[in-house]
Amino acid sequence: MEQKSMPMAHSIVMEGRKTVSISGVTDVESFDEQTVILMTDVGELVIKGFGMHINRIDVESGDLALEGEIYGISYSDTTPAGGGFLSRLFR
């Protein structure tokens, strides 16, 4: 029998647009000095800025800390896969 994992609690704490701590990270899709793309249980999270680097990542707990000059944080997909309106309409 397949065992489902419990969703991690997700939160974002930003201090002065220089550091951000994120919990509930399930995967790091990509990262460079200008863009960090993370997967969370609530969707894909995109962080944009300059000179960004990941200070700490804990894959067990899903915690990540990064710093740099942050100018944008956005979710590009907050709907879980298969749960959108059109997918329910065409079932």
Side-chain angles (χ1 to χ4, degrees):
M1 179 175 219
E2 185 179 322
Q3 185 180 21
K4 288 197 167 198
S5 62
M6 294 291 293
M8 294 183 222
H10 175 63
S11 66
I12 299 173
V13 177
M14 186 173 0
E15 298 176 22
R17 293 182 68 174
K18 295 292 181 190
T19 63
V20 65
S21 299
I22 305 166
S23 63
V25 175
T26 57
D27 192 18
V28 177
E29 291 289 317
S30 69
F31 65 93
D32 59 32
E33 289 187 348
Q34 296 177 341
T35 306
V36 177
I37 302 174
L38 308 170
M39 290 304 299
T40 71
D41 284 332
V42 296
E44 184 179 78
L45 180 65
V46 179
I47 304 168
K48 297 202 178 233
F50 298 106
M52 293 191 304
H53 60 276
I54 295 174
N55 288 339
R56 177 181 50 84
I57 185 165
D58 185 340
V59 294
E60 293 288 321
S61 65
D63 293 334
L64 181 136
L66 65 90
E67 68 180 41
E69 187 176 330
I70 299 163
Y71 68 80
I73 297 177
S74 64
Y75 291 94
S76 64
D77 180 20
T78 57
T79 304
F85 171 75
L86 291 177
S87 68
R88 289 193 305 269
L89 185 64
F90 293 110
R91 283 187 191 180

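Computed from a predicted structure; not experimentally measured.
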Could you tabulate the donor-acceptor pairs under 3.5 Å formed by side-chain atoms of residues 21-29, not counting sequence neighbours?
from, atom 1, to, atom 2, distance (Å)
S23, OG, A9, O, 3.3
S23, OG, S11, N, 3.1
S23, OG, S11, OG, 2.8
T26, OG1, M39, O, 3.0

Rounded to the nearest 0.5 Å, what separation is found between the OG1 atom of T19 and the CG atom of N55? 8.5 Å

With the 4.5 Å side-chain cut-off for hydrophobic clustering, are L38 and V59 part of the same group? no

Euclidean distance, L45 CG relative to S76 OG, rounded to 0.5 Å: 8.5 Å

What pairs of residues pass the ring pair (Phe, Tyr, Trp, His ring centres under 6.0 Å) test when at least one of them lies in residues 29-66, not counting sequence neighbours? F50-Y71

Looking at every non-hydrogen atom in both residues, tell me the closest pair between M52 and I47 and how far apart they are. CE-O, 3.5 Å

When Ile, Leu, Val, Met, Phe, Trp and Tyr are grouped by side-chain heavy atoms lying under 4.5 Å apart, directly or through other members, which residues fall in the same group as I37? V46

Which heavy-atom pair separates I73 from M14 by the least distance, and what is that distance? CD1-CE, 3.6 Å

Any non-hydrogen side-chain atom of Q34 less than 4.5 Å from a side-chain atom of K48? no

Please write out which residues are connected to V13 in a hydrophobic cluster, directly or through intermediates, given that two of Ile, Leu, Val, Met, Phe, Trp, Tyr count as joined at side-chain heavy-atom separations below 4.5 angstrom. none

Locate the shortest heavy-atom distance separating T35 from D32; write the atom from each residue and the value. N-OD1, 2.8 Å

